[in-house]
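Structure record follows, encoded as structure tokens.
All heavy atoms count here, side chains included; hydrogens, waters and symmetry mates do not.
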Amino acid sequence: MKKHVFTFVLLLAGITLFAQSTRMSVYEEFTGETCPPCAQTNPGLNALLASPTNTPKVIALKWQVPIPSAPTKTWSLYQTNKTEIDWRYRSTAQGGYGYAINSAPSGKMDGQNVTVFGASSNHPANLTSGIIATAQSYTTPFSISVIRNWSPTGTAVDLTVTITSSTPFTSVGNLILRTCMVERLIQFSVQPGTNGETTFEDVVIKSFPSIQNGIALPNNWTASQSQTYTLSCPIPSYTRTITEIAMVCFIQDDGDKKIWQGVRAEKQGVPNDAEAISATVPNFTCSNSVDPMVTIKNSGITTITDMTITPAIDGVAGTPVVWNGSLAQGSTTTISVGTLTSSIGGGHVFSYTITGVSGTDFYTMNNSAKSNFYMVSGYQGT
């Protein structure tokens, strides 16, 4: 039997997900950061999808569409993955995949209208456990197993995906393996759009090699045929929390849009990770000095016993601060980095960088944070 292997990097020891014996449905929600009805609907939808009854039956993918309008913030969920989102929700006439989503929130189940499975409409408020069970009960010729690993540098998720057919199968159109990186939970302190939402679940942040192309599978399968693929999926710079990353793989027939099988490689802890959470400095100071405080979280699974924090004003580094102690997994600590001075009045940027983490920092893309402040050079005391 022929095996196609796409090899990009070495794999580390990781987690194996066993092949699915039954269908795992894929529910795609098209929601928006500027959509008030989305903000009202999503808490109930998230609770439904996360219920113990439904988690063995369905995987969620959330696409943050620009309906009714695109959020303006460059760091919004739509703007950071705009090209993929636009393609996924638009009609073919608009250069998209063909879902032709024209209102939000809206949903697709296994690539089909949710009404196919008994819903009164595609609105997520009409999704029920019964509809999920109906979709999941449809037979599928495919099972998928996934081995997930962090890359040696902690900058990518490496996957080995094996697809096996239980019966002969011929697709209507091109059969595609699509792989999406999602953040299971994102919590902003400031809304990225205009509808008040600051908490988001199962957001698609990137696809590999791309959502448009995926990986081409054979269109004809024999019983017991098996194919294995390996992918390296680089972590985008705009990722909020690396330990919230999960990977979703699904098989889709582009001829009729049907998704035949899905699987999720769940989020995974990292060995060592010091995360810069925030930098606290007064908005205004009537002095040529400030005394910043920094908050750092242990986002790894190993206790941190020492690290070095280097503070800076406008990119000019101050005296490094060596911290020693015991910072357990998931815990935070607030540290004073001493007094920093500047002879120039006006706007400034305080920043800091974490280095020298005990056990070697596995993921360094979250090792810096900054805050703006204003130094008043001319004032009169009262």
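Members clustered with Ile176: none, using a 4.5 Å side-chain heavy-atom cutoff among hydrophobic residues. Through chains of ILVMFWY side-chain contacts below 4.5 Å, Leu49 is grouped with Tyr27, Leu45, Leu48, Val58, Met109, Val114, Val116, Phe117, Leu127, Ile131, Ile132, Tyr138. Cluster partners of Val349: none. The rule joins Ile, Leu, Val, Met, Phe, Trp and Tyr whenever side-chain heavy atoms lie under 4.5 Å apart, and it links nothing here.
Residue pairs meeting the side chain to side chain donor-acceptor pair (under 3.5 Å) criterion with at least one partner in residues 244-256, sequence neighbours excluded, are Arg88-Gln252, Tyr97-Gln252, Tyr97-Asp254, Tyr99-Gln252, Arg178-Gln252, Arg178-Asp254, Glu244-Lys267. Every pair passing side chain to side chain donor-acceptor pair (under 3.5 Å) that includes a residue from residues 44-65 is listed here, sequence neighbours excluded: Glu28-Trp63, Asn46-Lys62, Ser51-Asn54, Asn54-Ser129. Within the structure, no pair that satisfies the side chain to side chain donor-acceptor pair (under 3.5 Å) test touches residues 320-333, not counting sequence neighbours.
The hydrophobic cluster containing Ile235 also contains Val270, counting ILVMFWY residues as joined when their side-chain heavy atoms lie under 4.5 angstrom apart, directly or transitively. The hydrophobic clustering, which links ILVMFWY residues whose side-chain heavy atoms are closer than 4.5 Å, places Val337 and Phe373 together.
With sequence neighbours excluded, the residues that form a side chain to side chain donor-acceptor pair (under 3.5 Å) with Thr162 are Thr228. Annotation: ring-ring contact (aromatic ring centres under 6.0 Å, His included) contacts of Phe208 (sequence neighbours excluded): none. With sequence neighbours left out, the disulfide bond (SG atoms under 2.5 Å apart) criterion links Cys35 to Cys38. Residues meeting the ring-ring contact (aromatic ring centres under 6.0 Å, His included) test with His123, sequence neighbours left out: none.
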Identify all side-chain donor-acceptor contacts of residues 199-206 below 3.5 Å with residues at least two apart in sequence or on another chain.
{"unit_1": "Asp202", "atom_1": "OD1", "unit_2": "Arg184", "atom_2": "NE", "d": "2.5"}
{"unit_1": "Lys206", "atom_1": "NZ", "unit_2": "Glu84", "atom_2": "OE2", "d": "3.4"}

Please tabulate, one pair per line, all N/O donor-acceptor pairs under 3.5 Å involving side-chain atoms of residues 363-372, not counting sequence neighbours.
{"unit_1": "Asn366", "atom_1": "ND2", "unit_2": "Asp273", "atom_2": "OD1", "d": "3.4"}
{"unit_1": "Asn366", "atom_1": "ND2", "unit_2": "Asp273", "atom_2": "OD2", "d": "3.2"}
{"unit_1": "Asn367", "atom_1": "ND2", "unit_2": "Ile354", "atom_2": "O", "d": "3.1"}
{"unit_1": "Asn367", "atom_1": "ND2", "unit_2": "Asp361", "atom_2": "OD2", "d": "2.8"}
{"unit_1": "Ser368", "atom_1": "OG", "unit_2": "Thr353", "atom_2": "OG1", "d": "3.3"}

